[in-house]
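A quick write-up on the structure given underneath.
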Number of protein chains: 2
Amino acid sequence: MADSARLPREEQRAASVVSIRDLQTRCSRCDIRELCLPVGLDDAALRQLDHVVRTRRRVKRGEVLYRIGDSFAELFAVRVGTFKITILASDGREQITGYQMSGDLVGLDGISTGRHQCNAIALEDSEACVMPFDGLAEVARTVAPLQLSLHRFLSREIGRDQQLMLALGRLSAEERLAAFLVNLAERHHARGFASREFVLRMTRAEIGNYLGLTLETVSRLFSRLQREGLLQADGRLIRNLDLEGLRKRAGRTC
Amino acid sequence: MADSARLPREEQRAASVVSIRDLQTRCSRCDIRELCLPVGLDDAALRQLDHVVRTRRRVKRGEVLYRIGDSFAELFAVRVGTFKITILASDGREQITGYQMSGDLVGLDGISTGRHQCNAIALEDSEACVMPFDGLAEVARTVAPLQLSLHRFLSREIGRDQQLMLALGRLSAEERLAAFLVNLAERHHARGFASREFVLRMTRAEIGNYLGLTLETVSRLFSRLQREGLLQADGRLIRNLDLEGLRKRAGRTC
DNA sequence: CGGAGGTTTGAAAAGAGTCAAAGGTCGTGG
DNA sequence: CCACGACCTTTGACTCTTTTCAAACCTCCG
């Protein structure tokens, strides 16, 4: 697992079935297009986008979509699965800055310098649409709704990051975990999944890293929330989330 | 001080001298244009931008440039002074998510929802150029370098936010303050000011808020860094910064 | 020159981290 | 199909960094 090579086999496979994958990749026919960059585009605009977004990449659990320092040429739109986004301090300490799921865009931070400034690692077998950025920008110059959508995704990312800063800076450990769970529940809900019951894709250590806590603290907090009837946790399977109760404990950051 | 009214007098004054202010406001003649959104634009592009950016707003120390919930219609480019950007938890706890100085864009987070999601408050008497976002977007559709610059500023903001998350999530109190000081020094340097000596525009409480610490901890850390010869702090006047020494203590996040 | 706001320092408390140990789970290879 | 090992989770005991509370001092603005 962990940082293995970058899927040469997968990439070959993709190349060998280009026509089929190409068909699948059309934004205009994508079932999550209303969650993703194409949100709100009309048919003509979608067709333009279809010309830009032509391939997908499969990334197996534990493998890397891109690494810090990789040259930036494309954004990725998560289609299936979950990625964690991580940055590093010089001494190697790692901070997870986000968990991205279907419809989310990853790679936005690479635009500013032309190099990726974070790692994107799959937490489960995942698939992302490859969006060459130059092409995207070009279409955005003629298709105003796409331009707006791109601006909104960039801006939304800033807003999300600020919420995490608030959590890291001002909330107690319990508040952070409660906010995290409510946030996950809401995102599942937005994607048509159950919000009161789901399987975590990340370990206690990864949750702790994201929230600025240790894995032991996270584990203890799960035990406490369970004792107090706010959820049932069986490893990564979370059930019977009491969303209102958790919101009360979250400093309503979510 | 603090949250007083929104400068009706200032706005009147601005209106009464439109022609002069208009002249001053041209990006093409602005002395910080290479730090700001116009970076790298040619003369023709600058002239286009001049048509969009036509006014400035003065904001006195302690006053508000915009508030959470205000409708978003424009970005602001800081020309003179410093702003703190704050967000709120539901219970009123506040987190400062950034300090923005000349050349920085503020308001980017408002694009996604059409409402500002943070407050921007002047830490000293300041001035910001008003950039109507629709107009900016329209020009960006024909002027590719401006489009790229806008994308880069949005992306840069994401990268900065991630650095703060790393600090809040993984660094010790001392490392956070060291990283903060090095970051300030570098930004001063980029603006042509001394990097080893400057006046802080924010209180100990504001530094602590930004770094997820209490004001007492920040004060103790300044005393410690001074004892150990890494700087001299006389209130907000900081002198003789030992940048290399501080970088070593900062987990090199900066 | 009065007072509000800001800073420093100390002492005690608390929240989260560290270290340690044991049990659980999952996937793979034999 | 089972067993093994790697990884993950839980819980306890103790530690330590940072917070909280308190008091005194500074300083700058009106």
Side-chain angles (χ1 to χ4, degrees), chain A residues 1-4 60-63 84 93-96 121 123-125 167-180 199-228 231-238 249 251, chain B residues 1-4 60-63 84 93 95-96 121 123-125 167-178 180 199-228 231-238 249 251:
Chain A
M1 204 193 290
D3 286 355
S4 50
K60 288 195 203 144
R61 178 177 171 182
E63 292 185 335
K84 66 174 177 183
R93 273 177 292 184
E94 183 175 85
Q95 170 73 35
I96 298 174
I121 298 168
L123 292 179
E124 58 189 318
D125 292 355
L168 292 170
R170 302 257 79 74
L171 302 191
S172 71
E174 185 181 276
E175 290 170 325
R176 289 182 212 181
L177 183 60
F180 174 68
V199 175
L200 295 170
R201 300 275 112 111
M202 62 293 283
T203 66
R204 301 289 190 260
E206 285 166 334
I207 295 172
N209 183 299
Y210 179 65
L211 298 175
L213 305 170
T214 60
L215 71 98
E216 294 95 330
T217 299
V218 173
S219 177
R220 279 186 250 269
L221 287 170
F222 270 116
S223 301
R224 184 153 102 207
L225 292 176
Q226 174 153 345
R227 260 198 314 278
E228 296 172 352
L231 54 78
Q232 285 174 272
D234 179 11
R236 300 199 196 172
L237 172 60
I238 307 295
R249 304 211 179 193
Chain B
M1 204 189 292
D3 287 354
S4 51
K60 288 193 203 144
R61 178 177 171 182
E63 292 185 335
K84 67 173 177 184
R93 274 176 292 184
Q95 171 72 35
I96 297 174
I121 299 168
L123 292 180
E124 57 188 318
D125 292 355
L168 292 170
R170 301 258 78 76
L171 303 191
S172 71
E174 184 179 280
E175 289 170 326
R176 290 182 211 180
L177 183 59
F180 174 69
V199 175
L200 295 170
R201 300 277 115 110
M202 61 293 284
T203 67
R204 300 289 190 259
E206 285 166 334
I207 295 171
N209 184 299
Y210 179 65
L211 298 175
L213 305 169
T214 60
L215 71 96
E216 294 95 330
T217 300
V218 173
S219 177
R220 279 186 250 268
L221 288 170
F222 269 116
S223 301
R224 185 153 101 206
L225 291 176
Q226 174 153 347
R227 256 197 319 276
E228 295 173 353
L231 54 76
Q232 284 174 273
D234 180 10
R236 301 201 196 171
L237 171 61
I238 306 295
R249 304 212 178 190

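Every value quoted in this text rests on a predicted model; they were computed, and no experiment measured them. Every chain is numbered from 1, with letters handed out A, B, ... down the list of sequences.
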For residues B:Thr217 and B:Ala173, report the shortest heavy-atom separation together with the two atoms involved.
CG2-CB, 4.1 Å
Closest non-hydrogen atom pair between B:Asn209 and B:Ile96, with its separation
OD1-N, 2.7 Å
With a 4.0 Å cut-off on heavy atoms, is A:Thr203 in touch with a base, just the backbone sugar-phosphate, or nothing at all?
sugar-phosphate
Taking CG from A:Leu237 and P from C:dG24, how many angstroms apart are they, rounded to a whole number?
18 Å
Nearest-Å distance, CG (A:Asp125) to C1' (C:dG27)?
13 Å
Quick note, B:Arg236 side chain, CB onward, closest among D:dT18, C:dT18, C:dT7 is C:dT7
Could you list the residues that satisfy side-chain hydrogen bond (donor to acceptor under 3.5 Å, both in side chains) with A:Gln232, not counting sequence neighbours?
A:Asn240
In B/S/- notation (B base, S sugar-phosphate only, - none; protein heavy atoms under 4.0 Å), nucleotides 10-16 of chain D written 5' to 3' is BBBB---
Among all residues two or more places apart in sequence or in another chain, which pass the side-chain contact (heavy atoms from CB on, under 4.5 Å) test with B:Glu175?
A:Arg93, B:Leu171, B:Ser172
Among residues 205-213 of chain B, which contact DNA chain D at a heavy-atom distance under 4.0 Å?
B:Gly212, B:Leu213
A:Arg201: what forms a salt bridge (Lys or Arg N to Asp or Glu O under 4.0 Å) with it, not counting sequence neighbours?
A:Glu124
Checking A:Arg224 now: which residues fulfil side-chain contact (heavy atoms from CB on, under 4.5 Å) with it, not counting sequence neighbours?
A:Glu174, A:Leu221, A:Arg227, A:Glu228
In whole angstroms, the gap separating C1' of D:dT17 from CG of B:Leu221 amounts to 11 Å
Whole Å only: how far is the CG atom of B:Leu200 from the C1' atom of D:dT27?
16 Å
Name all residues meeting the ring-ring contact (aromatic ring centres under 6.0 Å, His included) criterion together with A:Phe222; count only those two or more places apart in sequence or in a different chain, and write none if there are none.
none
Among residues at least two apart in sequence or on other chains, which ones pass side-chain contact (heavy atoms from CB on, under 4.5 Å) with A:Arg220?
A:Glu216
Measure from CZ on A:Arg224 to C1' on C:dA16 and round the result to the nearest Å.
11 Å
Measure the angle between the two terminal helix axes of the helix from C:dC1-D:dG30 to C:dG30-D:dC1, five base pairs each, and quote it to 10°.
50°
From CZ of A:Arg170 across to C1' of C:dA16 the rounded distance in Å is 16 Å
Could you give all pairs that pass the salt bridge (Lys or Arg N to Asp or Glu O under 4.0 Å) test and reach residues 202-214 of chain B, with sequence neighbours left out?
B:Lys84-B:Glu206
Return the value, rounded to whole Å, for the distance between atom CG of A:Leu225 and atom C1' of D:dT9.
16 Å
If the condition is side-chain contact (heavy atoms from CB on, under 4.5 Å), which residues does B:Ser219 pass it with, not counting sequence neighbours?
none
For the backbone of B:Ala178 and the side chain of B:Arg249, can you confirm whether one donor and one acceptor N or O come within less than 3.5 Å of each other?
no
May I have the distance from A:Leu171 (atom CG) to D:dT19 (atom C1'), rounded to whole angstrom?
16 Å
